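Heads up: the structure comes next, in structure tokens.
Keep in mind it's a predicted model, so treat the numbers as computed, not measured. Just so it is clear: chains get the letters A, B, ... in the order the sequence lines come, proteins before strands, and each one is counted from 1. No hydrogens, no waters, no symmetry mates; every other heavy atom, side chains included, goes into these values.
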There are 2 protein chains.
Amino acid sequence: MSVHEGRLATLVRRVEREPREPLEAALGRAVDVPSLAHVEQLETRVLRDGTLATVYLGLARPDVLAGSDRRRAATRSTADKRELVAVAQARLRAKLSYTNLGFALAPEVFTISELRDVYRAALGHDVSATNLQRVLLRRGALERVEGRRAPGRTGGRPASLFRFASQHLEVTDEFAALRPPR
Amino acid sequence: MSVHEGRLATLVRRVEREPREPLEAALGRAVDVPSLAHVEQLETRVLRDGTLATVYLGLARPDVLAGSDRRRAATRSTADKRELVAVAQARLRAKLSYTNLGFALAPEVFTISELRDVYRAALGHDVSATNLQRVLLRRGALERVEGRRAPGRTGGRPASLFRFASQHLEVTDEFAALRPPR
DNA sequence: TCAAAAGTGTTTATAATACACCCATGG
DNA sequence: CCATGGGTGTATTATAAACACTTTTGA
């Protein structure tokens, strides 16, 4: 999945796994894994056609995604695909809340408004730039970058630039509930 | 997994899946699924022997578990098994924090002290009975049951009885972070 | 000098932990 | 009557949402 024009874009790929082939090897034949910012395994299920499928979620940065992949697959979605995409979206939404996973959807450097648009698309609801900035800064997920983005024709204060402190998945918000005593 | 004598007991079972057999069918040949309080799929991975394995976590109540299963499997743990059990334990710990999953480890009716012992065993750290009670009551996960447990020989106030309000997995604690606006 | 966009300061809300203290029982 | 285990009352702390207000720019 990836964010384009303010909405979540999905692309479903399928590969047959050769006998005795590692899962990651088959995955590598379907997509260019090194170009993805994040990959994780989801569920394994028997599809309607009787085949056993292990589903993976991959996240691509908008500035990295190859042109050929930028348009959504035009093929009609099967019931299987729709279900699997829904599972993947749910996982993405959940992890955005308690991890730094935004790094995998945002460009290298961004303004808070741009980041808010990414979160809006992925979460499916409105996000406050003010609070997003403070939550992610407080958690240490974001850091400031030198320079500012010039305002557009309509004016406005130039925006500060930020980047994610880490490019790998980290849990940034331990559960408040039932945490170990000091 | 299950809790016995204040500690987490694990039992690892393995089945071959027949060609075209649904995953749940193979699972049913390995364990008595209806007797388990909760079952969920974990990861799928290639084991050291080259076979593809889809791992499930099952939780059993101490009062339901068959006698033959009460003792831990005496077979020496392989590296694979140790890894898989660790994955399962991590999943269990996480879900205990933000769901009502305790229902699957506790007996039908219990005192808060008994429940605390269960959580202690599963979480691997100390748990305050006071706070456990309040958190689970506040979340609506627990409800009071008529009657009290008589104290032991050493005295003490008789304990109130509780049960879980639901016997099915529910997320009881939405993430405070990035929640949708009203 | 005004509208737009960005950013900060401060208040409010929520939920959990910590801890002091009261309750009920057996010996 | 006191030790033991159970339970409640009440801070304190942590985290984030809400919102008023200030800053910086283009036209």
Side-chain angles (χ1 to χ4, degrees), chain A residues 6 94 96-100 102 109-120 123 125-145 147-162 171-182, chain B residues 6 94 96-100 102 109-120 123 125-145 147-162 171-182:
Chain A
L96 278 178
S97 291
Y98 65 94
T99 70
N100 65 342
V109 165
F110 47 82
T111 68
I112 295 297
S113 305
E114 290 161 2
L115 188 63
R116 178 200 43 200
D117 293 341
V118 168
Y119 274 73
R120 240 194 314 233
L123 292 175
H125 63 74
D126 200 27
V127 173
S128 147
T130 296
N131 291 333
L132 181 65
Q133 180 190 39
R134 278 206 276 237
V135 167
L136 295 183
L137 279 176
R138 161 186 274 275
R139 291 179 179 176
L142 291 191
E143 52 191 32
R144 286 167 188 281
V145 169
R148 345 193 119 256
R149 177 95 78 225
R153 281 163 198 78
T154 84
R157 177 174 170 170
S160 309
L161 298 177
F162 295 83
V171 174
T172 51
D173 177 43
E174 295 297 330
F175 297 120
L178 304 172
R179 80 163 69 103
R182 286 164 302 99
Chain B
L96 278 178
S97 290
Y98 65 93
T99 72
N100 65 342
V109 165
F110 45 82
T111 67
I112 294 298
S113 306
E114 290 162 2
L115 187 62
R116 176 200 46 200
D117 293 342
V118 168
Y119 274 72
R120 244 201 305 241
L123 292 175
H125 63 72
D126 201 26
V127 172
S128 148
T130 296
N131 292 333
L132 182 65
Q133 180 192 38
R134 278 207 275 235
V135 167
L136 295 183
L137 278 177
R138 162 185 274 275
R139 291 179 178 176
L142 291 191
E143 52 191 33
R144 286 167 190 282
V145 169
R148 349 194 113 257
R149 177 95 76 223
R153 282 165 197 73
T154 86
R157 178 173 168 171
S160 310
L161 298 177
F162 295 83
V171 173
T172 50
D173 178 41
E174 295 298 328
F175 297 121
L178 304 172
R179 80 163 67 104
R182 286 167 300 99

Does the pair A:Tyr119 and A:Leu132 meet the rule for a side chain to side chain contact (heavy atoms under 4.5 Å, CB included), with working shown?
-> CA-CA 9 Å; A:Tyr119 274 73; A:Leu132 181 65; 4.0 Å; yes
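For A:Arg120, the salt bridge (charged side-chain N to carboxylate O under 4.0 Å, His left out) partners are A:Asp117, A:Asp126, not counting sequence neighbours. With sequence neighbours left out, A:Arg148 forms a side chain to side chain contact (heavy atoms under 4.5 Å, CB included) with A:Pro158, A:Ser160. In this structure B:Arg149 satisfies the side chain to side chain donor-acceptor pair (under 3.5 Å) test together with B:Glu114, sequence neighbours excluded. With sequence neighbours excluded, no residue satisfies side chain to side chain donor-acceptor pair (under 3.5 Å) with A:Gln133.
Of the candidate nucleotides D:dG7, C:dG7, D:dA16, D:dG7 has the atom nearest to the side chain of B:Ala159. When distances are taken from the side chain of A:Ile112 to each of C:dG7, D:dA16, D:dT8, the shortest belongs to C:dG7.
Atom CZ in A:Arg116 sits roughly 12 Å away from atom C1' in C:dG7 (whole-Å rounding). A:Arg138 places its CZ atom 11 Å from the C1' atom of D:dT13, with the value rounded to the nearest Å. Distance A:Arg148 CZ to C:dA6 P: 12 Å, rounded to the nearest Å. B:Tyr98 has its OH atom 18 Å from the C1' atom of C:dA16, to the nearest Å. Spacing between atom CG of A:Leu137 and atom C1' of D:dT15 amounts to 15 Å, rounded to whole angstrom units. One interatomic measurement links the two molecules: CG of A:Leu132 to C1' of D:dA18, which rounds to 15 Å at whole-angstrom precision.
Shortest non-hydrogen contact noted between A:Phe110 and A:Leu115 is CE1-CD2, 3.7 Å. Contact detail for B:Leu96 and B:Gly102: the closest heavy-atom pair is CD2-N, 3.6 Å. Taking every heavy atom of both residues into account, B:Leu137 and B:Leu142 meet most closely at CD2-O, 3.6 Å.
Residue A:Ser128 is out of contact with every strand shown, counting any heavy-atom pair closer than 4.0 Å. Across all strands, A:Ser113 comes closer than 4.0 Å only to sugar-phosphate atoms, never to a base (heavy-atom distances).
Between atom CD1 of residue B:Ile112 and atom CZ of residue B:Arg116 there is a gap of 10.0 Å, rounded to the nearest 0.5 Å.
For B:Arg149, no side-chain nitrogen or oxygen approaches OP1 or OP2 of D:dG5 to under 4.0 Å. OP1 and OP2 of C:dA6 both lie 4.0 Å or more from every side-chain N or O belonging to A:Gln133. Phosphate contact (OP1/OP2 of C:dG7, side-chain N/O of A:Ser160, threshold under 4.0 Å): present. When the side-chain nitrogen and oxygen atoms of A:Arg153 are compared with OP1 and OP2 of D:dA27, none of them lie within a distance under 4.0 Å.
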Identify the pairs formed between an N or O of the protein and an N or O of nucleotides 9-11 of chain C at a distance under 3.5 Å, and give each distance.
unit_1 : atom_1 : unit_2   : atom_2 : d
C:dG9  : N7     : A:Arg134 : NH1    : 3.0
C:dG9  : O6     : A:Arg134 : NH2    : 2.4
C:dT10 : O4     : A:Arg134 : NH2    : 3.3

Expected rows: protein N/O vs nucleotides 2-4 of chain D N/O, under 3.5 Å:
unit_1 : atom_1 : unit_2   : atom_2 : d
D:dT4  : O2     : B:Gly156 : N      : 3.1

